[in-house]
2 protein chains.
Amino acid sequence: MKQPVQQRTLKTRARLLAAAEQVIAAQGFEALRVDQVVANAGVAKGTFFAHFTDKDALMAQLIGSRINTALDMIEEQPTPNDVDEIVQALAPLMALMTCERYVFDVILRHSGAAMAEEIGPIAETFGRFQTVLEGWLKDAPVRRDVPVAMLAEGVGAFFIQVIALHFCALHSDVDMPARLAPWLRAWLLPPA
Amino acid sequence: MKQPVQQRTLKTRARLLAAAEQVIAAQGFEALRVDQVVANAGVAKGTFFAHFTDKDALMAQLIGSRINTALDMIEEQPTPNDVDEIVQALAPLMALMTCERYVFDVILRHSGAAMAEEIGPIAETFGRFQTVLEGWLKDAPVRRDVPVAMLAEGVGAFFIQVIALHFCALHSDVDMPARLAPWLRAWLLPPA
DNA sequence: GTTCAAAATTGACCGTGGTCAATAAAAAAT
DNA sequence: ATTTTTTATTGACCACGGTCAATTTTGAAC
């Protein structure tokens with residue numbers, strides 16, 4: 001009653017991921033084609049779907065891993081002390097999420113857990129994001145009439161909204177972190 | 001230099017829309033297939049794409065029209081006077097946006113104008129939604145340290161967030177309008 | 001009525017994501 | 001070593017959205 005993962009399996013998976021990264025590096029996420037990936041990896045198409053339930057699952061893993069890298073960067077920096085520093089600190093994540101419209105769509109689609117038992121890699125990063133925000137807000141000089149968790153979720157909501165706005169052609173030129181600041185000020189620091 | 005729309009065109013378009021509505025009524029939005037629509041409408045596949053740039057455009061039109069119907073209902077009711085009444089008033093729109101995950105995805109994808117010149121039917125409804133909210137908030141007993149437009153956009157952001165949360169299996173059971181209220185209270189009525 | 005240019009319609013065809021019965025390779029049992 | 005069972009891989013095949021050169025329909029001009 002054991003099913004130890006075969007070496008072969010890991011190797012194939014790694015080849016697929018490497019092939020995918022290669023395509024993305026060359027042409028971006030949106031242009032990725034499964035046929036291209038399996039060709040580069042030197043495996044049959046069916047093999048791809050033995051490793052990933054669908055193309056979106058591969059995307060979720062790849063993008064999730066990048067979000068985690070961004071969160072690593074964010075956590076390495078000192079705790080921000082005011083809204084401007086928060087906005088500043090979130091810049092890497094924002095840059096990632098605005099790099100391609102397609103990427104943002106994938107993230108939105110996967111930001112919630114699809115089923116209670118199985119939380120995907122992107123939903124996981126949202127949990128982590130939430131935790132980071134809560135850590136910052138816990139001791140920051142912000143309103144206290146609302147639980148920290150709610151405060152953090154609100155920041156997340158405005159964060160997403162600002163990015164969504166970025167993809168309206170009308171608003172895409174102005175620099176984005178700057179656009180987030182007024183929202184966070186209004187949300188976190190109501191008038192005393 | 002004239003291109004009066006032919007009768008034929010309008011008739012065909014109407015047949016396509018009716019066929020689509022029929023499929024949706026029977027099986028929902030997600031199950032709609034272009035082949036099914038053209039079969040029901042009795043036209044060739046190419047005709048479909050002469051009338052709609054792609055399947056998403058049909059969806060946007062159909063969903064946009066339902067959003068407008070919901071907004072009509074909302075506007076007919078008396079102006080809400082507090083957060084609970086606002087939440088109550090938004091119920092029809094919320095019901096529509098949570099009816100299918102696929103519908104919500106389409107809405108999110110189209111909520112912003114794709115290009116400056118061409119605003120799609122769904123983006124249009126978002127503008128209308130914004131206007132309705134501003135009308136309510138203009139004379140409501142809410143914070144005034146932030147412009148009404150920003151207040152309304154914030155309500156929109158929390159509205160979307162609550163719906164997104166609904167599609168996380170973990171949170172899907174609790175009733176939704178109730179979930180929105182605490183957010184709006186915190187956003188609109190900071191402590192005096 | 002006939003002619004003719006513009007507009008609408010057609011359907012064979014393509015690209016791409018995804019399936020699955022058949023096969024090959026690896027591990028376990030003998 | 002040989003057989004058996006389990007696991008990984010294969011590639012022909014399907015479903016579905018979307019394209020486009022060829023064809024038909026329309027209606028205005030004569």
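A note on names: the letters A, B, ... follow the listed sequences, proteins ahead of strands, and every chain is numbered from 1.
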Legend entry - Separation of C:dG17 C1' from A:Glu30 CD (nearest whole Å):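 Distance, rounded to whole Å: 15 Å.
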Inset, instruction - Answer yes or no: is there a donor N or O on one side and an acceptor on the other, between the side chain of B:Trp187 and the main chain of B:Leu151, under 3.5 Å? - result: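 Between the backbone of B:Leu151 and the side chain of B:Trp187 there is a qualifying donor-acceptor contact (under 3.5 Å).
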Inset, instruction - Name all residues meeting the side chain to side chain contact (heavy atoms under 4.5 Å, CB included) criterion together with B:Ala20; count only those two or more places apart in sequence or in a different chain, and write none if there are none. - result: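 Partners of B:Ala20 by the side chain to side chain contact (heavy atoms under 4.5 Å, CB included) criterion, ordered by chain and then number, come out as B:Leu32, B:Val37, B:Leu58, B:Leu62.
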Legend entry - Integer-rounded Å distance: D:dG11 C1' and A:Phe48 CZ: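 Those two atoms, CZ and C1', are 16 Å apart.
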Inset, instruction - Measure the distance from NZ on B:Lys45 to C1' on D:dT19 and round it to the nearest whole Å. - result: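 Interatomic distance, NZ of B:Lys45 to C1' of D:dT19: 10 Å.
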Legend entry - A:Thr47 side-chain N/O to D:dA8 phosphate OP1/OP2 under 4.0 Å: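 For D:dA8, neither OP1 nor OP2 has a side-chain N or O of A:Thr47 closer than 4.0 Å.
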Legend entry - Comparing B:Asp35 and B:Gln7 on DNA chain D - which has the more 5′ nearest nucleotide: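 Final value for this comparison: B:Asp35.
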Inset, instruction - Send over the distance from B:Leu10 CG to C:dA8 P, rounded to a whole Å. - result: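 It is 10 Å, rounded to the nearest whole Å.
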Inset, instruction - Whole angstrom is fine here: how far is it from CG in A:Leu32 over to C1' in C:dG17? - result: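 So the two atoms are 12 Å apart, to the nearest Å.
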Legend entry - Of residues 49-67 of chain A, the positions that come close to DNA chain C - non-hydrogen atoms, cut-off under 4.0 Å: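 By residue number: A:Phe49, A:Asp54, A:Lys55.
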Legend entry - With A:Phe48 via ring-ring contact (aromatic ring centres under 6.0 Å, His included) - residues at least two apart: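 So A:Phe48 forms a ring-ring contact (aromatic ring centres under 6.0 Å, His included) with A:Phe52.
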Legend entry - Distance, rounded to the nearest Å, where B:Arg8 contributes CZ and C:dT10 contributes C1':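 One finds 11 Å between C1' of C:dT10 and CZ of B:Arg8, rounded.
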Inset, instruction - Name all residues meeting the ring-ring contact (aromatic ring centres under 6.0 Å, His included) criterion together with B:Phe49; count only those two or more places apart in sequence or in a different chain, and write none if there are none. - result: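 Applying ring-ring contact (aromatic ring centres under 6.0 Å, His included) to B:Phe49 gives none.
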Inset, instruction - Please check if B:Val155 and B:Met73 belong to a single hydrophobic cluster, counting links between Ile, Leu, Val, Met, Phe, Trp and Tyr side chain heavy atoms closer than 4.5 Å. - result: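 No: no chain of side-chain contacts under 4.5 Å links B:Val155 to B:Met73.
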Inset, instruction - Would you indicate, yes or no, if D:dA8 has its OP1 or OP2 atom less than 4.0 angstrom from a side-chain nitrogen or oxygen of A:Thr9? - result: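 Indeed, a polar side-chain atom of A:Thr9 lies that close.
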Donor-acceptor pairs under 3.5 angstrom involving side-chain atoms of residues 78-94 of chain A: please list them, not counting sequence neighbours.
from, atom 1, to, atom 2, distance (Å)
A:Asp82, OD1, A:Asp84, N, 3.1
A:Asp82, OD1, A:Glu85, N, 2.8
A:Glu85, OE1, A:Asn81, N, 2.8

Legend entry - Listed partners of A:Asp35 passing side chain to side chain contact (heavy atoms under 4.5 Å, CB included), at least two apart: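 Side chain to side chain contact (heavy atoms under 4.5 Å, CB included) check on A:Asp35 returns A:Lys45.
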Legend entry - A:Arg33 CZ - C:dT16 P separation (whole Å):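 My rounded result for the distance is 5 Å.
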Inset, instruction - Could you work out which one of C:dG17, D:dT10, D:dT9 sits closest to the side chain of A:Ala44? - result: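 So the nucleotide nearest the side chain must be D:dT10.
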